[in-house]
Amino acid sequence: MEAKPLVASEFLDCGGMLCPLPVVEIARKMRTVPVGEVLAVFCDALGAHADIPAWCQVTGNEFVGSEPDGKGERYYIKKATA
Amino acid sequence: MARKATIVVFSGDYDKALATMNIANGAAASGMEVTLFFCLWGTLLLKKRGSLVKGDNWMTKLFGVMERGGIRGARLSKWNMLGLGKWMLRRMLRVKGAASLEALWESAREFGVRFLVCDLSLEVLGLTPDDLEGVDDFVGVGTYIKEASESEITLFI
């Protein structure tokens with residue numbers, strides 16, 4: 001599977017946050033992200049690699065991908081319609 | 001209709017309330033409509049602090065004295081050690097940058113999580129609606145069954 005280019009128009013720093021704060025903060029932030037735009041989230045929580053894609057699946061947003069970023073990972077989430 | 005999650009908050013223990021609020025926030029953040037049903041000891045988490053002696057007979061008055069109520073009055077389910085264990089857990093959470101129970105409680109409110117209280121528990125503990133704070137409604141098992149039957153997640157903590 002060829003990865004889509006990872007670009008974002010919005011950014012959220014969840015560095016140092018522990019469960020459940022990353023998904024809580026992502027949910028709050030996504031309210032302000034326009035439909036179709038991509039939010040990049042920096043997160044270094046151990047479980048984030050599973051939690052963030054899971055959150056996307058449950059909420060219907062698109063998990064675009066992720067890439068290593070320093071001590072954590074940068075996750076890309078595309079805001080879905082509705 | 002939004003997807004639903006319902007949690008029975010039976011335990012009044014501090015650590016279990018932490019788990020409840022973690023899941024409630026996660027579900028609400030995932031777009032679910034979350035309802036918490038506070039029963040028996042869980043009801044005490046919502047008890048206002050203040051007058052220690054409550055109730056209409058000596059047994060309920062005794063509970064009123066033993067259970068100070070609120071998050072501050074809640075104990076750990078193990079290693080409470082007269083509050084030392086609770087103090088240590090709170091400190092450990094803070095040092096790690098984890099959310100406090102108070103912060104998760106507040107966040108749940110902001111997400112619109114519903115706080116329902118079992119009317120039977122209130123009666124049995126000798127409390128009145130005025131003794132509690134932050135309650136959206138007083139309900140019975142019928143409401144729980146309706147909500148739980150419509151929920152994809154239902155837990156008893």
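Numbered from 1 within each chain, the chains take letters A, B, ... in sequence-line order.
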May I ask whether [X] and [Y] are part of the same hydrophobic cluster, defined by side-chain heavy atoms of I, L, V, M, F, W, Y residues being less than 4.5 angstrom apart, directly or through others?
X: B/Trp105; Y: B/Val117; answer: yes
X: B/Leu122; Y: B/Val124; answer: no
X: A/Met17; Y: B/Ile23; answer: no
X: B/Leu120; Y: B/Leu127; answer: no

Is it the backbone or the side chain of B/Leu93 that comes under 4.5 Å from a heavy atom of chain A, or both, or neither?
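Neither; nothing under 4.5 Å.
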
Looking only at heavy atoms and a cut-off of under 4.5 Å, which of A/Ile26, A/Thr59, A/Val24 has the most pairs with chain B?
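The option with the most such pairs is A/Val24.
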
Measuring from B/Ser30:OG to A/Gln57:CD, what's the distance to the nearest 0.5 Å?
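So the gap between those two atoms works out to 11.0 Å.
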
For B/Lys96 against A/Leu18, the heavy-atom pair lying closest together
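B/Lys96 and A/Leu18 have their closest heavy atoms at O-CD1, 3.5 Å.
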
Which heavy-atom pair separates A/Ala27 from B/Ala29 by the least distance, and what is that distance?
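Heavy atoms only, the tightest pair is CB-O, 3.2 Å.
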
A/Leu21 side chain near B/Ser107 side chain, heavy-atom distance below 4.5 Å
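They are not in contact (no side-chain heavy atoms under 4.5 Å apart), so the answer is no.
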
A/Cys19 portion near chain B, given a 4.5 angstrom heavy-atom threshold:
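Interface part for A/Cys19: both.
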
Is A/Lys78 atom NZ crowded by more than 12 heavy atoms from other residues, nucleotides or ligands, each under 6.0 Å away?
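Not more than 12 within 6.0 Å, no.
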
